[in-house]
Amino acid sequence: MLALLCAGCTGAAGDTGAAELPPLDTSGWREDTGTFPFDSAEDTAPLDEAPAHWLTMRQAGTWTLGGPEADPTSMTGVLVVTELLDGDEEAPACVETWALVGARTEPDCSGCASTFAVEHTRVATEGACRTPELPDPGELRSLGYAQAEGRVWWDWYDTGVWVPLWEAEPGSLPGELVFVWEAVVGVLVEDEDG
């Protein structure tokens with residue numbers, strides 16, 4: 001039996017062993033004799049690089065939970081997205097109002113008391129908002145509320161990665177949840193004349 005196994009491992013007739021690679025042709029290579037230049041000039045950039053304009057992005061709204069208080073089965077709510085250029089509350093750069101309607105789903109969010117599949121419907125818009133990752137009209141998002149943390153979490157684009165979306169706390173009405181998020185970023189504003 002051993003003889004049969006060894007016979008199966010032998011090379012074909014005329015096999016002389018390991019093949020050798022052809023010699024490496026380096027005739028077309030050139031040696032780089034240059035040096036890497038170091039910038040030793042004085043730094044002339046301005047020290048204050050603060051943006052000329054600031055954009056405040058704000059999301060705020062409410063949820064109203066439906067069903068038993070200890071185990072809600074649905075939610076309805078409103079989300080208002082507002083952007084202010086240089087803090088101008090009187091003339092917002094944009095305002096979007098969204099209606100939220102959700103049905104209870106299994107809580108995949110660690111620490112969430114209740115999780116909902118929430119449909120987002122834009123009901124009003126004024127201006128063009130720049131806030132990243134706003135929902136598309138009709139988009140369904142999985143959102144969970146973690147009361148102990150005071151947060152609403154989002155299953156980011158249904159990837160199973162839950163990210164904090166809004167700070168949240170119980171409202172003044174039974175079953176009401178009030179949420180908010182705000183960030184301020186520097187922006188470049190195009191000249192109105194150009």
Side-chain angles (χ1 to χ4, degrees), residues 51 53-190 192:
H53 299 282
W54 295 95
L55 185 69
T56 301
M57 300 176 293
R58 184 182 302 143
Q59 297 180 25
T62 59
W63 280 9
T64 301
L65 303 176
E69 186 176 342
D71 191 25
T73 57
S74 64
M75 60 76 58
T76 58
V78 64
L79 163 65
V80 179
V81 177
T82 308
E83 294 182 3
L84 309 172
L85 185 60
D86 296 327
D88 188 355
E89 297 273 356
E90 298 298 319
C94 89
V95 179
E96 289 186 3
T97 304
W98 295 79
L100 309 175
V101 177
R104 183 74 179 265
T105 61
E106 291 299 317
D108 296 323
C109 169
S110 176
C112 290
S114 50
T115 306
F116 302 93
V118 180
E119 183 175 1
H120 294 68
T121 304
R122 188 168 47 207
V123 294
T125 183
E126 185 178 322
C129 291
R130 302 182 197 192
T131 301
E133 299 185 319
L134 288 179
D136 292 324
E139 184 176 343
L140 202 64
R141 289 187 173 182
S142 295
L143 304 177
Y145 173 52
Q147 184 173 0
E149 298 175 0
R151 276 193 202 286
V152 172
W153 292 80
W154 171 32
D155 180 1
W156 191 68
Y157 296 108
D158 298 321
T159 59
V161 177
W162 289 84
V163 296
L165 187 59
W166 304 311
E167 303 271 331
E169 62 184 23
S172 57
L173 300 174
E176 184 181 55
L177 179 68
V178 178
F179 61 85
V180 67
W181 170 85
E182 186 172 300
V184 180
V185 296
V187 292
L188 179 65
V189 176
E190 294 179 11
E192 293 178 3

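The figures that follow rest on heavy atoms only: side chains count, while hydrogens, waters and symmetry mates do not. No experiment lies behind these values; they were computed from the predicted model shown.
The shortest distance between side-chain heavy atoms of Val187 and Leu85 falls below 4.5 Å. Contact annotation: the side chain of Met75 never approaches that of Tyr145 to less than 4.5 Å [non-hydrogen atoms, C-beta and beyond]. Taking the side chain as every heavy atom from C-beta outward, Phe179 and Leu79 approach each other to under 4.5 Å. Using a 4.5 Å heavy-atom threshold, the side chains of Trp153 and Pro164 count as touching.
The line from CD of Glu182 to CD of Gln59 is 10.5 Å long, rounded to the nearest 0.5 Å. Taken from CG in Leu143 to OG1 in Thr105, the straight-line distance is 9.0 Å, to the nearest 0.5 Å. Here the CH2 atom belonging to Trp156 is positioned 6.0 Å from the CD atom belonging to Glu133, to the nearest 0.5 angstrom. Within the model, atoms CH2 of Trp162 and CG of Asp155 stand 4.5 Å from one another, a figure rounded to the nearest 0.5 Å. In this structure, OG1 in Thr82 is found 12.0 Å from CE in Met57, a value given to the nearest 0.5 Å. The CG atom of Leu84 sits 10.5 Å away from atom CD of Glu90, with the distance rounded to the nearest 0.5 Å.
Other residues, nucleotides and ligands contribute at most 12 non-hydrogen atoms within 6.0 Å of the CD atom of Gln147. The 12-atom threshold is not exceeded at CD of Glu126, counting heavy atoms of other residues, nucleotides or ligands nearer than 6.0 Å. Within 6.0 Å of CD in Glu106 there are 12 or fewer heavy atoms belonging to other residues, nucleotides or ligands.
Not counting sequence neighbours, Glu169 has no partner by the salt bridge (Lys or Arg N to Asp or Glu O under 4.0 Å) test. Under the salt bridge (Lys or Arg N to Asp or Glu O under 4.0 Å) criterion, Glu96 pairs with Arg122, not counting sequence neighbours.
Minimum heavy-atom separation, Gly186 to Pro51: CA-CG, 3.5 Å. Residues Arg130 and Leu55 approach most closely at CD-CD2, 4.0 Å, considering heavy atoms. Heavy atoms only, all atoms of each residue included: Gly127 and Cys94 are closest at C-CB, 3.8 Å. Residue Pro72 comes nearest to Ala70 through the heavy atom pair CD-C, 3.8 Å, listed as atom of the first residue, atom of the second, then distance.
Checked by atom type and distance alone, the side chain of Arg104 never pairs as donor or acceptor with a backbone atom of Ser114 at under 3.5 Å. Between the side chain of Asp88 and the main chain of Pro92, no donor-acceptor pair closer than 3.5 Å is present. Asp86 places a side-chain N or O within 3.5 Å of a backbone atom of Trp54 that can act as its donor or acceptor partner.
For residues 85-114, the set of pairs meeting the ring pair (Phe, Tyr, Trp, His ring centres under 6.0 Å) definition, not counting sequence neighbours, is empty.
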With side-chain contact (heavy atoms from CB on, under 4.5 Å) as the test, would you mind laying out the steps for Phe116 and Leu65 before giving the verdict?
CA-CA 10 Å; Phe116 302 93; Leu65 303 176; 3.8 Å; yes
Would you please test His120 and Leu100 for side-chain contact (heavy atoms from CB on, under 4.5 Å) and show each step?
CA-CA 5 Å; His120 294 68; Leu100 309 175; 3.3 Å; yes
Go through the steps for Trp166 and Leu177 under the test side-chain contact (heavy atoms from CB on, under 4.5 Å), then give the verdict.
CA-CA 11 Å; Trp166 304 311; Leu177 179 68; over 6 Å; no
Start with the C-alpha gap between Arg151 and Glu167, add the side-chain angles, then the distance that decides, and say whether side-chain contact (heavy atoms from CB on, under 4.5 Å) holds.
CA-CA 5 Å; Arg151 276 193 202 286; Glu167 303 271 331; 3.0 Å; yes
Decide yes or no on salt bridge (charged side-chain N to carboxylate O under 4.0 Å, His left out) for Arg58 and Glu83, but give the supporting numbers first.
CA-CA 6 Å; Arg58 184 182 302 143; Glu83 294 182 3; over 6 Å; no
